[in-house]
Structures are given as C-alpha cells and as structure tokens.
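Structure record follows, encoded as structure tokens.
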Amino acid sequence: MEFKGTEPLYIQVAKYLEGEIFSDKYPLGTKIPGVRELSADLVINGRTVQSALNKLVDEGLLETKRGLGNFVITDKARFNEIKHQKIEKMTQSFIEESLTLVSSAELSRIFLSALEQSKGDE
Amino acid sequence: MLTVKNLSYRQGMKRILSDISFQVETGEFIGLLGENGVGKTTLMRALTGLVIASKETQISLDGHRDWGSILAHTAFVPNLNWASQGMTIWNVVSFYQAGYPDFNQNRWQEIAEELQINSKDKVGHLSKGQRERLVFALTVSRDASLFLLDEPFGGVDVMTRRKLLQSLLRWLPDGAMVLMSTHEISEIEPVIDRAIILKHGCLVADKEIEVIREQYQMTLEQYFMKQHAMNRKGVEA
C-alpha cells in the first residue's frame, strides 16, 4: 500500500484494511491475518498494524477472539450500518470541501451529472 | 532494552561521536539517519566494542554491561573481510554457525531461499548486492536481542529492498530490537517506530514516526530535511 501526506500511518492502514473488508476480500466472519503476517505483507511496522487493528475493533468492524485472532463481525445489519456511516462521513467531507468552491445548487447539478456518467460506465 | 549514555569517540584530535545518549525499548525498530560521514557506522562499531568509546560512555544491553555478553546478544556483521575469497557461502555459514550458538538454521534457510542466496557460490564471485544480501541474511539468522544493520540496502534494487524489509518483519524473533542505518528514508518510514538523526557526530533528533506525522505534520523526509537546515544551536539557517 502507498502512504499519502502526513496522516498518521495507523489510520491509513486502518482505512486500507477497512477497504479490503468492505470490498469482500475478508467476508463476514472470516479471520484477518495475524499482525506479523500483515506487517510483512504490507511492509509496515508491527505496532502500526496492531494500532490499525485496534481501531477497527473499537469501531466494531472486527472482533478479537482470544488466542485465535481478529475476525470480521458476523452481524450483517451492524456491518451494513458501519459501512453506511463510513459512506455518509465521506460524503459529508466531500460536500463541505466542495461548498467552499461552488454553491449548493451548482454542486448538486455537478454531482447528479457525474453520477449519471458513472452509471453509464457500469 | 538497550541504553546508551554519553557515548563519545575520538580519533586523535578529531571528534567522531559526541556525547550520544538514547534508549531502545524491547521490540523497537529504529532508523539511524544522517548524511555520509556523520558517524552512523562508527556508532554501531562503538556499540559492539569494535572501536573503543571514551571512558565516560555507558552501554547496557538487557542489563549486560560487559563486552562479552553484549556481543553475545548482538547480531552485527560489519563486513565479510574475514571470509577468504575462495570460501563458499556454505563455508561462511558453517563458520558463522560455529561462532554463534544462537544461529537459527531454519531461519537461515528460509531467508536464503527468499533472497535467492546460493550456498555453493564463492564469496570472491559475489556482486556488491549479493554480498549485502549475504551480510543481511547472516545478521538476521541469529536469535539475538539487538540487530545492527548498517546500510543493508547499498547496491540493492527496489524489489530486493522490499524483500529484505519483509524478511525482517517476518522473521525477527519477538521482542528483537533493530537499529538500521539507511538513506532510503521514505521507504523505511512505515517500517520503523522511531528515527534517530545524527549530524556532525551529534544526535540531533530522536522522534517517533507517528509523532513527526501527527504533531509536526511532516513526513520523515521533510523532518529530516528540516533537521539539516538547522545549525548546531537548533536555529534555522
């Protein structure tokens, strides 16, 4: 994975793993590789990986089973809720940033036409 | 834990290292940074008694203060000059294994395979990059407490650098401490816990990566450049 800017590394690792989980690389109930394995695969400090995993446990996306490791939660409703919250948060910061440049009417026009465009691409 | 207090080293009238103090906690991975000639290699040599630091210097590794014990728990291969050109890598490994009871044969095999080290090759026929890989593999194959890696990436391409770092992260014993000097600052930023920066033989910075990013809002490279733009009094030039 590539790191951007000066955002703390563990947050970027947490986002990366979150992306892997939401994109179904690790479906509901599956085990996430151990700290050492992730650390070597991603070429990232072990403590950074541990902090990232702790963050995902705190957010409720992962659960730690003692002596077994970390697993994606099995509660589908809760999983979708976390995914939904994440998208809402991303949308919110996108809107806030955009409104410093254009009016909300203009933004809504741009957004709808971009959405229409990507529907055509699918 | 490694504790270094007031480490100084002179060569005649010339001060090579001045009053260096730092600690490494169990399991910590430290990047040792600085331009060529600032004393990174000398620091590693002083930590293992290969050069004799001044008498006020105090070094302790996991509570050991005598050179015999410190050396026994430190993996450091300063060079391959001790191996004759005609020796095969297999000879070198047997020699090394005889000298260090903590040599881990299984780990050696895993790493040698991963780094494509051919034990039948003769030392005299190795390229610079192959020698670096051999030094690295010999160092990392010990079950030591402290690992000293002096520019393990010299003459090594980007894919091999990645492999070396992956081997380190995958194979080092739990709780191992690593002190690694390198110029590949952005490549090691995500791998190390902390950076120690030397300048003119002095320790000018000792900071955790996440502190540099979160508090100073800088990448390690930006922080390193900033340390270099400052003069010895810590004032920006």
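On a predicted model such as this, the values are computed, not experimentally measured, just so you know. Letters A, B, ... mirror the listed sequences (proteins, then strands); counts begin at 1.
- A distance of 4.5 Å separates OG1 of Thr6(A) from CD of Gln217(B), quoted to the nearest 0.5 Å.
- Comparing Ser51(A), Gly46(A), Pro8(A) by heavy-atom pairs within less than 4.5 Å of chain B, the highest count is held by Pro8(A).
- With a threshold of 4.5 angstrom between heavy atoms, Gln222(B) approaches chain A through side-chain atoms but not through N, CA, C or O.
- The distance from atom CZ of Phe3(A) to atom CZ of Arg213(B), rounded to the nearest 0.5 Å, is 7.5 Å.
- Without hydrogens or angle criteria, Arg36(A) side chain to Leu172(B) main chain gives a donor-acceptor distance under 3.5 Å.
- Contact annotation for Ser39(A): both backbone and side-chain heavy atoms come within less than 4.5 Å of a heavy atom of chain B.
- Among all heavy-atom pairs drawn from Gln166(B) and Asp41(A), the shortest one is NE2-O, 3.2 Å.
- Around atom CZ of Phe111(A), no more than 12 heavy atoms belonging to other residues, nucleotides or ligands sit under 6.0 Å away.
- Between atom CD of residue Glu208(B) and atom CG of residue Asn45(A) there is a gap of 10.0 Å, rounded to the nearest 0.5 Å.
- Of the inter-residue distances, the one linking Leu165(B) atom CG with Ile44(A) atom CD1 reads 11.5 Å to the nearest 0.5 angstrom.
- A distance of 11.5 Å separates CG of Leu38(A) from CG of Leu169(B), quoted to the nearest 0.5 Å.
- With hydrogens and angles ignored, the 3.5 Å screen pairs a side-chain donor or acceptor of Glu210(B) with a backbone N or O of Leu9(A).
- Of the atoms belonging to Ile209(B), it is side-chain heavy atoms, and not backbone ones, that fall under 4.5 Å from chain A.
- Residue-environment remark: NZ (Lys5(B)) stays at or below the threshold of 12 foreign heavy atoms within 6.0 Å.
- Separating the CD atom in Glu214(B) from the CD atom in Glu7(A) is a distance of 9.5 Å, to the nearest 0.5 Å.
- The local environment of CD in Gln105(B) is crowded, with over 12 non-hydrogen atoms from other residues, nucleotides or ligands closer than 6.0 Å.
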